[in-house]
Q: 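The structure under discussion is supplied below as structure tokens; questions concerning it will follow.
Starting from 1, each residue takes its place in the sequence as its number.
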Amino acid sequence: MQNIKLPTYPAPLSCLCLGTASMGNEGLTGEPLDKAFTILDTYYAMGGRFLDTANVYGRWGVDKTNASEQVIGRWLTMRRITDMVVTTKACHYAPEAPEISRVTEADMETDIEESRRSLKMDRLDICLLHRDNEAVDIRTIVDFCVKQVDAGKITRFGFSNYRAERVEKAIAYMGEGWQKYFAGVSNEWSLAMENAEGYCPGNGMVAADMPLRILAEKKGFGIFPFSSTAHGFFAKLQQCGAVYEDGAWSNIDQFRGNRNWLSSANGEAYNKLLAASASSGISVNTLSLQYLLDQTNTIPVMSVSRPEQLAELAEL
């Protein structure tokens, strides 16, 4: 797997980040743990050195705890892995109280301390603030994030689900030398979403829209898109035998993806992906990632449910 050197992070990062949101959801022992370890082992063996997790991942699972971080921490320790870069996230609202914002200095400190213990890392690599609260002055947020970097508890901070305007104000406030603190932004982005007409992320999520991408290219910070294959949108079309021809979709009765994304642009993209897959033997799901990989300073976050799904990603 190839590496990317971002201007805002001191070490090279794998061009594809492995998402771990579901790891530990079904428990922290036995088959669920073995399954997670197998996926992590496979990713590492193919050269992957970049993981994505969050303090909230697993809190909706059977153990109601930060299970994903705990799984990764156990794996890093048991496998004696020292060269993996881990992104985690803090300040997400509690699943049982979504109406209460946790974008505060105290909540960030709480999450960071728990994440450090769970991941078994003295210093976290990248810590993203998981959800914004636009009622909080961005300068206040920057101040308590910078404090964590200066204290040596995290190497870089960043944002997830933040609008370009807020990111731009944060960078301006940090002034000269902001690259020593800020790594980048993780927002929703994929080829299918890009081609969807009038698409707007739901549930408080924020897209990596054009203003953010222009800002990222201008400043040189990273973008780490989640939902990078749009939940297998193009693969689901192929599985049901969907056809896009003469400006119309057909054979989509069994399609289980987002029907709001069945645009003409996605139809044209789908046909190109089918042709490329037929000639290369690479799945349309993997090929759709190439759109993001071709973007400047962009590292897609992709989750898998089986280690076999990682095999063809080794050449990226």
Side-chain angles (χ1 to χ4, degrees), residues 1 3-6 8-25 28-29 32-33 36-45 47-59 61 63 65-92 102 105-130 144-160 179-186 221-222 224 226 299 301-303:
M1 183 176 294
N3 290 330
I4 292 176
K5 182 63 178 72
L6 296 179
T8 52
Y9 194 76
L13 300 170
S14 298
C15 68
L16 185 68
C17 181
L18 180 64
T20 65
S22 63
M23 289 186 180
N25 278 356
L28 292 165
T29 59
L33 185 63
F37 271 33
T38 300
I39 291 173
L40 291 166
D41 287 341
T42 303
Y43 176 72
Y44 189 82
R49 298 293 187 272
F50 194 20
L51 301 178
D52 175 88
T53 185
N55 187 270
V56 75
Y57 289 166
R59 296 194 183 278
D63 292 313
T65 188
N66 60 329
S68 173
E69 291 182 327
Q70 292 186 43
V71 167
I72 293 170
R74 294 182 189 184
W75 178 77
L76 291 172
T77 300
M78 293 179 66
R79 299 293 193 261
R80 299 182 179 180
I81 301 295
T82 60
D83 58 347
M84 183 67 73
V85 176
V86 180
T87 291
T88 192
K89 308 180 194 75
C91 297
H92 195 284
R102 297 183 66 253
E105 182 172 3
D107 287 315
M108 185 178 192
E109 290 177 351
T110 296
D111 288 355
I112 283 178
E113 290 307 313
E114 184 175 31
S115 296
R116 290 169 70 203
R117 291 193 302 270
S118 298
L119 292 166
K120 306 183 189 305
M121 300 172 68
D122 291 333
R123 175 184 291 184
L124 302 177
D125 297 317
I126 300 174
C127 183
L128 309 179
L129 266 69
H130 208 166
F144 62 70
C145 288
V146 166
K147 184 184 297 186
Q148 295 296 319
V149 177
D150 286 341
K153 294 184 178 181
I154 60 178
T155 300
R156 295 288 189 278
F157 78 90
F159 298 139
S160 180
Q179 298 93 337
K180 295 185 297 183
Y181 293 98
F182 187 80
V185 178
S186 181
F221 62 77
F224 313 111
F226 63 85
I299 301 177
V301 179
M302 181 180 179
S303 300

Q: Using a 4.5 Å cut-off on heavy atoms from C-beta on, say whether the side chain of Glu114 contacts that of Thr110.
A: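 With C-beta onward as the side chain, the pair stays apart.
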
Q: CG of Leu76 to OG of Ser118: how many Å apart, nearest 0.5 Å?
A: 11.5 Å

Q: Could you measure the distance from the CE atom of Met78 to the CG atom of Asp41? Nearest 0.5 Å is fine.
A: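 Here the rounded value is 10.0 Å.
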
Q: Donor-acceptor pair, Asp125 side chain versus Val86 backbone, under 3.5 Å?
A: yes

Q: Closest heavy-atom contact between Asp122 and Arg116?
A: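 So the two residues come closest at O-NE, 2.7 Å.
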
Q: For a side-chain contact (heavy atoms from CB on, under 4.5 Å) with Ser68, tell me which candidate from Asn55, Asp52, Thr20, Leu119 qualifies.
A: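 Result for side-chain contact (heavy atoms from CB on, under 4.5 Å) with Ser68: Thr20.
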
Q: Is there a side-chain contact between Gln148 and Leu124, using heavy atoms and a 4.5 Å cut-off?
A: no

Q: Does Leu16 reach the side chain of Phe50, with side-chain heavy atoms less than 4.5 Å apart?
A: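 No, their side chains stay 4.5 Å or more apart.
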
Q: Within a strict 4.5 Å, meaning less than it, do heavy atoms of the Glu105 and Lys147 side chains meet?
A: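 In contact.
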
Q: With rounding to the nearest 0.5 Å, note down the distance linking SG in Cys17 to CZ in Arg49.
A: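 Interatomic distance, Cys17 SG to Arg49 CZ, rounded to 0.5 Å: 13.5 Å.
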
Q: Would you say the side-chain atoms of Ser186 pair up with the backbone N or O of Ser160, donor to acceptor, closer than 3.5 Å?
A: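 Side chain of Ser186 to backbone of Ser160: no pair is present.
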
Q: Determine whether a donor-acceptor pair (N or O, by modelled atom type, separation under 3.5 Å) exists between the side chain of Arg102 and the backbone of His92.
A: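 Side chain of Arg102 to backbone of His92: a pair is present.
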
Q: So, do Thr65 and Gln70 sit near enough that their side-chain heavy atoms are less than 4.5 Å apart?
A: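 They are in side-chain contact.
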
Q: To the nearest 0.5 Å, what is the distance between CZ (Arg156) and CZ (Phe221)?
A: 14.5 Å

Q: Please give me the minimum heavy-atom distance between Cys15 and Ile299, naming the atom from each residue.
A: O-CG2, 3.4 Å

Q: Out of curiosity, Leu6 CG to Gln179 CD, how far, rounded to the nearest 0.5 Å?
A: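 So the CG of Leu6 and the CD of Gln179 are separated by 12.0 Å.
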
Q: Whether the Glu69 and Thr53 side chains hold a donor-acceptor pair (N or O, under 3.5 Å, no angle test) is what I'd like checked.
A: no

Q: Shortest non-hydrogen contact from Gly58 to Asn25?
A: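 Gly58 and Asn25 have their closest heavy atoms at CA-OD1, 3.4 Å.
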
Q: Just wondering, do Val56 and Lys89 contact through their side chains at under 4.5 Å, heavy atoms?
A: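 Answer no - side chains too far apart.
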
Q: Are any of the side-chain nitrogens in Lys153 or Glu113 under 4.0 Å away from the carboxylate oxygens of its partner?
A: yes

Q: Between Ile154 and Thr88, is any pair of side-chain heavy atoms under 4.5 Å apart?
A: no

Q: Measure the shortest side-chain to side-chain distance between Tyr44 and Leu18 over non-hydrogen atoms and say whether it is less than 4.5 angstrom.
A: no

Q: Return the minimal non-hydrogen interatomic distance between Asp107 and Cys91, and the atom names on each side.
A: C-SG, 4.3 Å

Q: Tell me whether Arg79 contacts the main-chain N or O of Leu40 through its side chain, where contact means a donor paired with an acceptor under 3.5 Å.
A: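 Absent.
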
Q: Identify the heavy atoms of Thr155 and Pro10 that sit nearest to each other, and give their distance.
A: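 For Thr155 versus Pro10, the nearest heavy atoms are CG2-CG, 4.1 Å.
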
Q: Can you name the closest pair of heavy atoms from Arg123 and Gly152 and give their distance?
A: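 Shortest heavy-atom separation between Arg123 and Gly152 comes out as NE-O, 3.1 Å.
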
Q: Here's a test for you: under ring pair (Phe, Tyr, Trp, His ring centres under 6.0 Å), which of Phe182, Tyr181, Phe144 qualifies with Phe157?
A: Phe182

Q: At what distance, to the nearest 0.5 angstrom, does CG of Leu51 lie from CD1 of Ile81?
A: 9.5 Å

